[in-house]
Amino acid sequence: TDMVTVTGTENLLMAATLAEGETVLENAAQEPEVADLAEMLIKMGAHIEGHGTSRIRIQGVERLHGCEHAVVADRIEAGTFLCAVAATGGDALLRHGRADHLDAVIDKLRDAGVQVAPEEGGIRVRSPGAAQLKAQGFRTTEYPGFPTDMQAQFMALNVVAQGTATVAETIFENRFMHVNELLRLGAKIQTTDGRVAVIEGLGGAAPAGARLSGATVMATDLRASASLVIAGLVADGETLVDRIYHLDRGYDCMEAKLRGLGADIERIQ
């Protein structure tokens, strides 16, 4: 296939482990989740090499057996919490977070003015708050580039930072559905072609310290809902995020974890 596909790579990888003879996957996805699946299959008796690169070679075996395997940490959940701490300010340790799986996101956070460092047992993030940070432009692309699944959350950070930033989405269509909801909170964003968004950060706006204001907003997909939670944490007053069943698809007890960091947030139904 011309398009890199994570799920497609994983499905073919699993099928090839039990297929007769040798299978070579070209243009394979290189995401950490693909490499982690391959590591588990190897523990189960599969013969795989090249995982984590764009070319994976599999020698089929007759059968697989059970194994014990700890699933790799969710890099998008970790990245979401990095953006939440960056936007609100403070100091947090993301336990079990893997900085080496988030290079593109961490580079942008550091460029913005956030302190991010791998630490024993996780990732340490320290931020002065978004109004002190500089908005960062980026373009989403396949791993190891900037992930499309972090685009909405970083946009929420850009909305309240200083300066203007351009965000280009190259992976999925209709990936800017959170923009209209952020506008309800007072964000300044313009989009063209549904592919490019220009964000004018409020951090440097006049009057000094222009802020988002709480409102009722609607979650339209998984990452969009995470971006609205981040914006709601920074906004003045109360923000109500509706349709959070989207959020629960990718985050386990997100509100409880944020409350543990001092956020004023609760699930009401």
Side-chain angles (χ1 to χ4, degrees), residues 1-9 27 29-31 54 75-76 79-80 82-84 86-87 102-109 111-112 130 133-205 210 212-213 215-232 234-235 239 241-247 249-250:
T1 171
D2 291 336
M3 278 285 288
V4 176
T5 158
V6 172
T7 309
T9 301
N27 200 32
Q30 300 177 48
E31 273 76 356
S54 62
R75 65 197 164 91
I76 303 301
T80 299
L82 288 177
C83 284
L102 282 163
D103 285 341
V105 174
I106 288 173
D107 284 348
K108 287 295 176 184
L109 286 169
D111 289 347
L133 303 179
K134 191 170 186 335
Q136 296 298 311
F138 59 87
R139 177 178 177 273
T140 66
T141 185
E142 294 87 359
Y143 189 85
F146 196 100
T148 181
D149 280 333
M150 280 301 305
Q151 178 255 108
Q153 301 92 306
F154 209 103
M155 188 183 291
L157 172 59
N158 276 341
V159 159
V160 288
Q162 292 185 35
T164 300
T166 300
V167 170
E169 175 59 62
T170 73
I171 305 294
F172 291 123
E173 295 178 4
N174 299 324
R175 209 69 203 259
F176 281 156
M177 291 173 73
H178 48 285
V179 168
N180 282 336
E181 303 306 304
L182 289 170
L183 293 176
R184 291 176 195 272
L185 298 172
K188 294 185 176 181
I189 308 169
Q190 290 186 314
T191 59
T192 53
D193 305 334
R195 291 282 188 177
V196 177
V198 178
I199 302 102
E200 190 183 331
L202 299 178
L212 295 179
S213 298
T216 297
V217 290
M218 186 175 69
T220 50
D221 63 51
L222 168 55
R223 306 308 172 185
S225 33
S227 76
L228 297 175
V229 169
I230 293 171
V234 186
T239 298
V241 183
D242 207 4
R243 296 193 179 177
I244 57 167
Y245 57 83
H246 289 296
L247 190 76
R249 282 182 47 233

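Within the 4.5 Å cutoff, no side-chain heavy atoms of Asp149 are placed close to those of Leu222. For the pair Val198/Thr192, no side-chain contact is recorded, criterion being any heavy-atom separation below 4.5 Å from C-beta on. Contact annotation: the side chain of Ser227 never approaches that of Met155 to less than 4.5 Å [non-hydrogen atoms, C-beta and beyond]. With a 4.5 Å cut-off on side-chain heavy atoms, Gln136 and Leu157 do not count as touching. Side-chain contact between Pro144 and Asp103 is absent, with no heavy atoms from C-beta onward closer than 4.5 Å. Residues Glu142 and Thr5 are not in side-chain contact: their nearest non-hydrogen atoms beyond the backbone lie 4.5 Å or more apart. Contact of the Thr239 side chain with the Leu228 side chain is not registered, since no non-hydrogen atoms from C-beta on lie closer than 4.5 Å. Side-chain contact between Arg75 and Glu31 is present, with heavy atoms from C-beta onward closer than 4.5 Å.
With sequence neighbours excluded, no residue forms a ring-ring contact (aromatic ring centres under 6.0 Å, His included) with Tyr143.
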Q.
Run Arg195 and Glu173 through side-chain contact (heavy atoms from CB on, under 4.5 Å) and show every step you take.
A. CA-CA 8 Å; Arg195 291 282 188 177; Glu173 295 178 4; 3.4 Å; yes
Given Arg175 and Arg223, is the side-chain contact (heavy atoms from CB on, under 4.5 Å) satisfied, shown in steps? CA-CA 9 Å; Arg175 209 69 203 259; Arg223 306 308 172 185; 3.5 Å; yes
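Of the possible donor and acceptor atoms, one in the side chain of Thr140 sits under 3.5 Å from a partner among the backbone N and O of Thr170. Between the side chain of Gln162 and the backbone N or O of Gly203 there is no donor-acceptor pair closer than 3.5 Å.
No more than 12 heavy-atom neighbours from other residues, nucleotides or ligands sit within 6.0 angstrom of CZ on Arg139.
To the nearest 0.5 Å, atoms CD1 (Ile76) and CG (Leu82) are separated by 10.5 Å. In this structure, Thr9 OG1 and Asn27 CG are separated by 8.0 Å, a value rounded to the nearest 0.5 Å. From Thr191, atom OG1 reaches atom CD of Glu169 across 12.5 Å, with rounding to the nearest 0.5 Å. Rounded to the nearest 0.5 Å, atoms NZ (Lys134) and OG1 (Thr164) are 8.0 Å apart. For the atom pair CD of Gln190 and CD1 of Ile199, the computed distance is 10.5 Å after rounding to the nearest 0.5 Å. Considering CG of Leu133 and CG of Asp111, their distance stands at 11.5 Å, rounded to 0.5 Å.
When all heavy atoms are compared, the tightest approach of Ser213 to Ala235 is C-CB, 4.0 Å. Smallest separation of non-hydrogen atoms from Ile230 and Cys83: CD1-CB, 4.0 Å. Between Thr80 and Ala226, the shortest heavy-atom contact is CG2-CB, 4.0 Å. Closest approach of Leu182 to Ala231, counting heavy atoms only: CD2-CB, 3.7 Å. Of all the heavy atoms in Ala86 and Leu109, the pair that sits closest is CB-CD2, 4.0 Å. Shown here for Asn158 and Ala135, the closest heavy-atom pair between the two residues is OD1-CA, 3.3 Å.
Of the charged side-chain nitrogens involved, none lies within less than 4.0 Å of a carboxylate oxygen, so that Arg243 and Asp221 do not count as a salt-bridged pair.
Phe138 and Phe154 have perpendicular rings, their planes meeting at more than 60° on a 0 to 90° scale where under 30° would count as parallel.
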